[in-house]
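In what follows, a structure is listed as structure tokens, so that the remarks can point back to it.
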There are 2 protein chains.
Amino acid sequence: MTQNVYKAHDHHVCIDSAVSRARALCEEQGARLTPVRQRVLELVWANHKPVGAYDLLPKLAEEGFNSAPPTVYRALDFLLDLGLVHRISSLNAFIGCTHPGEAHPSCFFVCRECGEAQELDAEQVNTIARQAEAMLGVKVEQQMTELMGLCPRCQASA
Amino acid sequence: MTQNVYKAHDHHVCIDSAVSRARALCEEQGARLTPVRQRVLELVWANHKPVGAYDLLPKLAEEGFNSAPPTVYRALDFLLDLGLVHRISSLNAFIGCTHPGEAHPSCFFVCRECGEAQELDAEQVNTIARQAEAMLGVKVEQQMTELMGLCPRCQASA
DNA sequence: GGAGATTAGGTTATAATGTTGCAATTCTAC
DNA sequence: GTAGAATTGCAACATTATAACCTAATCTCC
């Protein structure tokens, strides 16, 4: 399992390591982690809940960044391209990737109560893809899986 | 495999059987397959491509149905609730379910060229869900998987 | 079969999310 | 240092989805 969101942890470590992995990855790829891009990444990592593009706008504005939709979407697209964040389609929201660098399908569990998301290892999704390729002749290029339900904490407090 | 979209077939049969299954299911559940609802279902089944809610509006208008967004969204919500259609989140679009009635995760392959979608059996998605439940203590209630790539036909013509 | 409850649909407005196009700036590599 | 590429600023707009409120149809139960 990539990392367990439900275990107590010092969240600053999450943010810091996300940023340093991003820096390294950009270095490696010859991409530029500009201030807006880095700040957007940090804001996405502010917690383990997927965040909407429009939620980021006012935060960027507060800090003197330009804040029009294209600014945020461009930063998010950049981060998506590098695999630094994933998009949770069913929520129109974005969340930090826990293991960027390695190509992998997007696979998350999202709690419908608290909204926290847990990235999952997704070997089985690859199985689905390979099976579809074998049986139907399709060629799979991208994969995403989203599970919804209740996280352990929200089950307990229900 | 539920049904192979890439095989030649008489598509009227798809539409007709979708409607009769819907009728049966509504009967069984004490739900009402009103004219708008049935027409929306037929339009969703017009082909094997996911269709946007706003694409349906003008078609309904042509036929004298009321056509404001709420009308379509209400019909789609109804069909979603009964499991007669699925929502493809990554496209903000809707597609007919090939085996309504049986509860099952939404699992599709979508061709990025032609837009056609193929529903997949998703036993592996259930495996992912059970594994997440066992390892993380989450409770999964809904599941969706979306694969993107090239269908056999579009690979051939590339 | 009629009163009250429930469900469905009509209508208007608006919210939320995402994109296009173009000009200005900054960076990079030669 | 200058050309070309990448990035950002900015304004407008496109697309998708929902809220709120009301009317009409249908069902239920006596």
Which residues pass the salt bridge (charged side-chain N to carboxylate O under 4.0 Å, His left out) test with B:K139, sequence neighbours left out?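 Only B:E133 meet the salt bridge (charged side-chain N to carboxylate O under 4.0 Å, His left out) criterion with B:K139.
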Please indicate whether B:Q29 has more than 12 foreign heavy atoms, meaning atoms of other residues, nucleotides or ligands, lying under 6.0 Å from its CD.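 Counting other residues, nucleotides and ligands, CD of B:Q29 exceeds 12 neighbours.
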Through what angle, rounded to 10 degrees, does the axis of the helix from C:dG1-D:dC30 to C:dC30-D:dG1 turn between its ends, using five pairs per end?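 The angle separating the two end axes equals 40°.
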Let me check something: do A:L120 and A:M148 share a hydrophobic cluster, defined by ILVMFWY side-chain heavy atoms less than 4.5 Å apart, either directly or through other members?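 No, A:L120 and A:M148 fall in different hydrophobic clusters.
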Which residue pairs satisfy the salt bridge (charged side-chain N to carboxylate O under 4.0 Å, His left out) criterion with at least one member in residues 63-77 of chain B, sequence neighbours excluded?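 Those involving residues 63-77 of chain B are B:R39-B:E63.
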Result block: side-chain N/O donor-acceptor pairs under 3.5 angstrom for residues 54-61 of chain A, not counting sequence neighbours:
residue: A:D55; atom: OD2; partner: A:G52; partner atom: N; Å: 3.2

For B:T145, side-chain hydrogen bond (donor to acceptor under 3.5 Å, both in side chains) partners two or more places apart: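 By the side-chain hydrogen bond (donor to acceptor under 3.5 Å, both in side chains) rule, B:T145 matches A:T145.
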Go through the structure and list residues passing side-chain hydrogen bond (donor to acceptor under 3.5 Å, both in side chains) with A:D81, not counting sequence neighbours.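 Result, side-chain hydrogen bond (donor to acceptor under 3.5 Å, both in side chains) vs A:D81: none returned.
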Please find the pair of heavy atoms, one from A:P50 and one from A:G115, that lie closest to each other, and give the distance.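 Nearest pair, atom of A:P50 first, then A:G115: CD-O, 3.1 Å.
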Between A:V85 and A:V40, is a side chain to side chain contact (heavy atoms under 4.5 Å, CB included) present by the stated rule, with each step listed? CA-CA 10 Å; A:V85 305; A:V40 166; over 6 Å; no
Near DNA chain C, counting only heavy atoms under 4.0 Å, which residues of residues 32-52 of chain A show up?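 Close to the strand are A:R32.
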DNA chain C contacts among residues 67-82 of chain B, heavy-atom distance under 4.0 Å: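 Hits under 4.0 Å, by residue number: B:A68, B:P70, B:T71, B:R74.
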Would you check if A:Q118 and A:N4 make a side-chain contact, meaning some heavy-atom pair closer than 4.5 Å?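 Yes. Closest side-chain heavy atoms under 4.5 Å.
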Ring pair (Phe, Tyr, Trp, His ring centres under 6.0 Å) partners of residues 59-98 of chain B, not counting sequence neighbours, each pair once: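 For residues 59-98 of chain B: B:H86-B:H104, B:H86-B:F108.
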Nucleotide range of DNA chain C lying under 4.0 Å from chain B heavy atoms: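 So the contact region on DNA chain C extends C:dA8 to C:dT12.
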Would you say the side chains of A:E116 and A:N47 form a donor-acceptor pair under 3.5 Å?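 Judged by distance alone, the side chains do not pair up.
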Do A:T98 and A:Q3 have side-chain N/O donor and acceptor atoms under 3.5 Å apart?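 A:T98 vs A:Q3: no donor-acceptor pair found between side chains.
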Quick one: hydrophobic cluster around B:M144, which other residues, with the 4.5 Å side-chain cut-off, linked directly or via members?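 When side chains under 4.5 Å apart are linked, the cluster holding B:M144 also contains A:M144.
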With a strict under 4.0 Å distance from non-hydrogen atoms of chain B, what nucleotide opens and what nucleotide closes the contacted stretch of DNA chain D, reading 5' to 3'?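 So the contact region on DNA chain D extends D:dT16 to D:dT26.
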Could you check whether B:R130 pairs with B:E123 (Lys NZ or Arg NE/NH1/NH2 to Asp/Glu carboxylate O, under 4.0 Å)?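 Salt bridge between B:R130 and B:E123, a charged N being under 4.0 Å from a carboxylate O: yes.
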